[in-house]
There are 2 protein chains.
Amino acid sequence: MRRKSFEDFDCSLAQAADYLGDAWVLLILRNIFNGMRRFDEINSHLEIPTNTLSDRLKTLVGRGILRREPDPVDGRRAEYRLTPKGEGLYPIMIALVQWGECWEGSPAGPRIYLSSRTDGKPLPPVQVRDASGLPLTPRQVVAKPGPATTEHMRKLYGGNW
Amino acid sequence: MRRKSFEDFDCSLAQAADYLGDAWVLLILRNIFNGMRRFDEINSHLEIPTNTLSDRLKTLVGRGILRREPDPVDGRRAEYRLTPKGEGLYPIMIALVQWGECWEGSPAGPRIYLSSRTDGKPLPPVQVRDASGLPLTPRQVVAKPGPATTEHMRKLYGGNW
DNA sequence: CGGTATCCCATTTGATACTG
DNA sequence: CAGTATCAAATGGGATACCG
C-alpha cells in the first residue's frame, strides 16, 4: 500500500521528509550535485532501473527541485539541472556525507576529503549555529509555533527542542 | 521487490541515504529530537501503524542511532533515546526543517520559529562554511578521493563538486 | 500500556524488451 | 540516447487481533 500522505501534518520537516525520504532520490541528487546531467549517465552510474529513474526525475521536476531542458543541439537529449530550490539542498547533502563519513566510515580510512577553495583547508562539519556563529546544541534551540502552525505541530513543539 | 542494497557503493552519502532515505524514519527522528521517548507517544502523534513503528525503531536501534532502555520503574515500558551517533543528525534535521519552511512554506506565514537561547535571535540557515566561517557554494568545495575510496566514488567525484 | 503477530493486497521494484 | 511498456515477484503498508 502506498504510504500515508504527510500533507495534513503541514509541517516543514514532514514536507522535506515526503520529498527526500527516499534513498534513490538522495543518490540521484548526489549525482546531479556532482555535475551529472543526463539520464543515461545517472542510470549507468547508479545501476538504477530506467523506469525508477524516470519516475524519480519526473517527481523531482514536478516538485521544482530539478528542471528539464532539452538539448538545443540534439533534441533527443535532455539535461536535468538543479533549480535554486534544488540548490538549497546543498547543506543537507554535505551534512549527510559528513555524517556518513564520520559514523559509518571505512576502517581503511577516509573515503573522501572535502576542502574549500577559499583557503584549501578541510571543510568543518556543517553545524547549527546562532547569529554570531556559535555552534548550538539541541537544547540551546527554541522552537515556537508561527501563525501557520497546526495542531500536529503544536503538540510536537510544545516542549522545547 | 526490495530495493537494491547500496552496500557495494561504499560511499558516505549512500550509507546515509540507506539509513535516512525513508520518510517514516525522518519523522520518527524528528519526534525523538523533540523529546518523545515512548512507543505509544510517537505512535499516536504520527498515526503510524504499530508494526511499522516497531520495525523502524528496531532498525534505528540496530544501526546505533537510538538506544532502547527499559524503564527502571515500569519494566514494561521502554524509552528510546538518541545515541551520540543519533545526535549527530541534528544539523541534518534542522536543515530539513529550514528547507521545508523556506521552499514549501505555508501562504499563511511561518509554521515555526527557531531561535537561539544564547542570544534570542532567529536561527540563521544551516550552511556549508569554510574554516573561518565563510559560507561556501558548491563550486567552492573540492572533493578528493581518500584511501578508502571506491571505483564508484572515483567516477562520481572525478569532477569537482 | 507497550508492543508482537497475522493477514491481505496494492505499490513498487527490477528485468526485459521496445520505440523514436 | 532517452526513455516508455510490460510483467512477475515480493516487500512493505495498514488493519486487526492478541498478549504480558
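Just so we're on the same page: letters track the sequence lines, and every chain starts at 1.
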Residues [X] and [Y] bridged, charged N to O under 4.0 Å:
{"X": "A:Glu79", "Y": "A:Arg67", "value": "no"}
{"X": "B:Asp130", "Y": "A:Lys121", "value": "no"}
{"X": "A:Arg63", "Y": "B:Glu104", "value": "no"}

Next on the checklist: Under a 3.5 Å threshold, yes or no: a donor from one side chain and an acceptor from the other, between B:Asn31 and B:His45?
Outcome noted: yes

Checklist entry - Using a distance-only test with no angle check, is there a side-chain donor-acceptor pair under 3.5 angstrom linking A:Arg68 and A:Tyr80? => result yes

My understanding is that only residues two or more places apart in sequence, or in another chain, count here; which of them pass side chain to side chain contact (heavy atoms under 4.5 Å, CB included) with [X]?
{"X": "A:Pro122", "result": "none"}
{"X": "B:Glu87", "result": "B:Leu82"}
{"X": "A:Pro147", "result": "B:Pro110, B:Tyr113"}

Next on the checklist: With the threshold set at under 4.0 Å for non-hydrogen atoms, list the residues of residues 38-46 of chain A touching DNA chain C in residue-number order.
Outcome noted: none

Next on the checklist: Which residues in residues 48-64 of chain B have a heavy atom closer than 4.0 Å to any atom of DNA chain C?
Outcome noted: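 Contacts with DNA chain C under 4.0 Å: B:Thr50, B:Asn51, B:Ser54, B:Lys58.
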
Next on the checklist: By nearest heavy atom, map A:Lys4 and A:Tyr80 onto DNA chain D; which one lands nearer the 5' end?
Outcome noted: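 That would be A:Tyr80.
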
Next on the checklist: Quick check: on DNA chain D, is the nucleotide nearest B:Trp24 upstream (toward 5') of the one nearest A:Arg77, or the reverse? Name the residue that is more 5'.
Outcome noted: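 First, find each residue's nearest nucleotide; the 5'-ward one identifies A:Arg77.
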
Item to check | Distance in Å, A:Arg154 CZ paired with A:Cys11 SG, rounded so as to fall on 0.5 Å steps | outcome: 13.5 Å

Checklist entry - Taking the six-membered ring for Trp, are B:Tyr90 and B:Phe33 parallel (under 30°), tilted (30 to 60°) or perpendicular (over 60°)? => result tilted

Item to check | Residue met sooner reading DNA chain C from 5', once B:Arg37 and A:Asp22 are mapped to nucleotides | outcome: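 Whichever sits nearer the 5' end wins; that is B:Arg37.
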
Next on the checklist: In this structure, how many angstroms lie between the C1' atom of D:dC1 and the CD atom of A:Glu79, rounded?
Outcome noted: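 After rounding, the gap between these two atoms is 13 Å.
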
Next on the checklist: Need two values: the first and the last nucleotide of DNA chain C, 5' to 3', having an atom under 4.0 Å from any heavy-atom of chain B.
Outcome noted: C:dC1 to C:dG14

